[in-house]
Structures are given as structure tokens and as C-alpha cells.
S.K.: 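Take a look at this one; I'll ask things after.
Along the sequence shown, residues are numbered consecutively beginning with 1. All ligand and atom numbering here is 1-based and tracks the order in the structure. All of these numbers come straight from a predicted model, not from anything done at the bench.
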Amino acid sequence: MTTRTRILTGITTTGTPHLGNYAGAIRPAILASQDANADSFYFLADYHSLIKCDDPQRIQRSRMEIAATWLAGGLDVNRVTFYRQSDIPEIPELTWLLTCVAAKGLLNRAHAYKASVDKNLETGEDPDAGISMGLYSYPVLMAADILMFNAHKVPVGRDQIQHVEMARDIGQRFNHLFGKGREFFTMPEALIEESVATLPGLDGRKMSKSYDNTIPLFTSAKDMKDAISRIVTDSRAPGEAKDPDNSHLFTLYQAFAGKNQIEQMRRDLLDGLGWGEAKNRLFKLLDDQLGEARERYHHLMSRPSDMEDLLLIGAKKARAVAGPFLQELREAVGLRSFQNHDNIIIRNAKSKTTKGSRIVSFREGDSFRFRVLAADGSQLLLSSKFADGKKAGAVIKQLQSSQTFDIHSDNLGFSVWLEGECVAESSAIYLGAEERDAAIKAVRVALTPIED
Ligand code: TRP
């Protein structure tokens, strides 16, 4: 079974994406998702946006704009699981389970929270003035985003590295407390793309909404042109040699041009190309590269219900992973059904199974059932209901003593049949044939008779 690398990242939905967001995060993420070995989870971190913004209109507009930007930029939703964080109720639930193991001292050290405290202290305010529990717990919600899907790689900006480390910390603590040797959570790694340029803005500082120096991405060609005309350059006149390596206009050009175009531009600047002409070329380049995507963007923005449909499909895919996993986590911490667990009346301690797998019988109302658990505790099979314990025991025995049962499988799961009767069914939702077949194999192993 090949394991693909699970790449997960979220975008906080508070603003309108600009050229810097596109080149620095969106474009590389879309490219990475095209790798056959990548299993990408990309989402709109709209719960996170509530921490920073209390303007509902803006939140809603930003969610739509960011969704449209990813889709217009060529994200293939059939390859990628693309969803809104707020469509996944398992995430806030996991956030709580993690909140209960996260050390307060760890969160005290989070940069964003500390910066707010420091600012308050500087201005002589109460240290916690204006600080919400949302801001304080921000890293726990982010840990839930990451751990819920067992991401291996998390592409983020440098300012987010600490949060990924906190996710590791919190996940490790949960594993330690409740895993009983099983690693529930994969340890994620922050992925900082060194090769991806942080684009400079109009004034040469990092392009950022907070510096008000951005170049708009998809609003209109005219807006883009206007912004480009405001790029700060030195005062050399046309005909005078320019220094390409000290020009952020050239840096912007390089982020979108091919090798030959870059060389040509470099030569022309050295030969005295005027800044006005250089700006025209940059505009032309961006318009060529992004013009079609801009049209797609406006088309998408005019049909929000199409985007809604796509995102709901994404949410369904994400929940097919999150739901069964959260169920296991709930069980691990002791949030278990009374019916299926506390009424265990016969523990088949003597039932012989291989490699630590277990068969557990229990009573449910008037009937009797059993589960087959894999060595890691996950449930492979849940039996049908039997009228008496003897019958259930006989079926277990029959399953174990012969390998003559049949397994029928469909897309989502499988069932076990003895003499034309369905005696048990898989309960997890398997995402693909590979995972399902691995579970079937595990069932066969668990039911292999052992010689005394
Ligand atoms: N905090 C991230 C940011 O502001 C957004 C985010 C939320 C995120 N959850 C995440 C990024 C999970 C990566 C993984 O940039």
C-alpha cells in the first residue's frame, strides 16, 4: 500500500487575496497538489477569522473571494479535499479534547498572544485588555485542524511555525495520555518553501495588507495597472542604466516570467529601459498570466451557489475522514456509548485471536452482538444482532474455526457471510478500495485459528 504525503493548509478568511498571497501561498499549493504522491487538504480557516474580525459582511465576502481565488487559480477539487473549516463540526469537538490536554503554560508562550500582552503593557493597560479566549486558544484550534487529518506536511509562513510546533506538542501529549501505545496523531511538520519568494509590495517592503502596499490579484485589469504605476523606483531617467538587482519591480517581474523573459528584461534595464516601459511590461506579463484566471474568478463570484456545492462536497469528503477518527478519539478518552460498552457481559477472554486482535461480545437490549477489534483497538467488524448469547458464541466459533466465511464488499465497506447469512458488517467508512482491502485482510488475520 502506498502512503501518500498528506499536505494540509488553511487560509484565514479576513481579506481579499493579493498578488503576494497568490505567488507565496496559493500558486505553490496548487502546484504541490498536482503531484501524484500528494494527498492535499486545503481549507478556509473561517473559524480562525472570527478571532480577528467581528464584521460578518467582511467574513462572508472574504470566504467567497478566497474560495473563488483558489478555484480560479486551477485547484482541482477532484484531487484535493477543499472545504470550509466551519463545515466540519468534528474540528471544534476535537479542539475541546485537545484544550483539555494542552498546557496553559504552552499557550502563554504563543507569539500572537504575547505580542498583544506586550502592547498592553507598553500602553499601561491591563495585560489582558482586549484579548479574547479565541486569540488565546488560537493555536489549539489550529492544532485540531492539523491533527484531525493526520497531516504530514503543513505549508505555512514563518510566523506560523510556532503553531505547528504547538500542534506537535499537544498531539504528543494526547498520544501519551490516551494512546496506550498507539499513536493516534501523526506528528506534523511545518513546510517553509524557501524557493517561494516573499513578494515585495509597491514600496519594496514585504507585500502585505497591513503595509497598504499590495497589488490586487483578480479585481480588475485597471486596478492592477493602477497599482503597478505606483511601484516605487529610483529616479533614473530613460536611457540611464538601471540596477535590476536593486529593483523590486524586477523582483516582481521575476516571480512570474520565464527564464528568457527574465534575461531579456535584465539586459534591457541595464541598457537603460525606462521605468514607465518596465511597468508596462510587468503589467502585460501579469495580465497574460492571470487574465484568464481573472475571468474565471468573476464567473465564480457571480455564481456563489456553485461554489457552495463544491465546498459541501469537500466537507463531505473531509468528514468521511474526521467522523470515524473522532469517534475513536471519543472512545479513547472515555466518551463511549453505554449501550455498547458498559453492558459488556461476556468478555471472550478465551477466544483465541492472533496478533493482539480481540473479539468482544456484548449485550444490546434483548440481543447479543460482538465486535472484532484490530490490535490497535480500531473496530473491524460489528456483528448482526443475535437472539441469544449461545448463537452469537457459535457464530464466533464458526468464524474462527473455519475460513469458509464469505466477504462481500462494496465501495464503502464489507460484510461477512456464513452459510448465506450476513453475520457481521464493517462499521468504518473506508475512503478507497485500498483501505477497505487492508481492513478485510486484517479481519482474516484476526479470525485466523490458532493452534494450541
Ligand atoms: N493560522 C494560519 C494563518 O493565519 C491559518 C491556519 C489555520 C492554518 N489553521 C491552519 C494553516 C492549519 C495551516 C494549518 O496563516
S.K.: Taking 4.0 Å as the limit for heavy-atom contacts, which would you say applies to Val164 with ligand 1: side chain only, backbone only, both, or neither?
M.R.: neither
S.K.: Counting from 1, what ligand 1 atoms have a heavy atom of Ala45 closer than 4.0 Å?
M.R.: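 Counting atoms of ligand 1 from 1, those under 4.0 Å from Ala45 are 7 (C).
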S.K.: Counting non-hydrogen protein atoms only, what is the nearest one to atom 2 (C) of ligand 1? Give residue, atom name and distance.
M.R.: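 Residue, atom and distance for the closest contact: Gln160 OE1, 3.4 Å.
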S.K.: Angle class for the Phe41/Phe149 ring planes (parallel below 30°, perpendicular above 60°, tilted otherwise)?
M.R.: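 Because their plane-to-plane angle lies in the 30° to 60° range, the rings of Phe41 and Phe149 count as tilted.
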S.K.: Would you mind listing which atoms of ligand 1 come within a distance below 4.0 Å of any non-hydrogen atom of Tyr138?
M.R.: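 Selected atoms, number and element: 1 (N), 2 (C), 3 (C), 4 (O).
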S.K.: Does the separation of the ring centres of Phe178 and Phe184 fall below 6.0 angstrom?
M.R.: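 Between Phe184 and Phe178, which both carry aromatic rings, the centre distance is not below 6.0 Å.
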S.K.: Can you list the atoms of ligand 1 that are under 4.0 Å from a heavy atom of Phe43?
M.R.: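 Counting atoms of ligand 1 from 1, those under 4.0 Å from Phe43 are 9 (N), 10 (C), 12 (C).
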S.K.: Charged N to carboxylate O under 4.0 angstrom, Asp35 versus Arg4?
M.R.: no
S.K.: Is any side-chain N of the basic residue among Arg84 and Glu308 closer than 4.0 Å to the acidic one's carboxylate O?
M.R.: yes
S.K.: Measuring from Asp287:CG to Glu292:CD, what's the distance to the nearest 0.5 Å?
M.R.: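 The CD atom of Glu292 is 10.5 Å from CG of Asp287, to the nearest 0.5 Å.
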S.K.: Do the charged groups of Arg182 and Glu328 touch, with an N to O distance under 4.0 Å?
M.R.: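 Salt bridge: yes.
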S.K.: For ligand 1, find out whether one of its N or O atoms is nearer than 3.5 Å to an N or O atom of His163.
M.R.: no
S.K.: Both conditions, 6.0 Å and 45 degrees, for the charged tip of Arg319 above the ring of Tyr83: are they met here?
M.R.: no
S.K.: Gln85 versus ligand 1: do any nitrogen or oxygen atoms come within less than 3.5 Å of each other?
M.R.: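 There is no such contact.
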S.K.: Please list, in number order, the atoms of ligand 1 under 4.0 Å from a heavy atom of Val154.
M.R.: 13 (C), 14 (C)
S.K.: Taking both backbone and side-chain atoms of Thr9, is any N or O found less than 3.5 Å from an N or O belonging to ligand 1?
M.R.: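 So ligand 1 has no N or O lying under 3.5 Å from an N or O of Thr9.
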S.K.: Heavy-atom contacts with Val156 under 4.0 Å: which atoms of ligand 1 show up? List them by number with element.
M.R.: 11 (C), 13 (C)
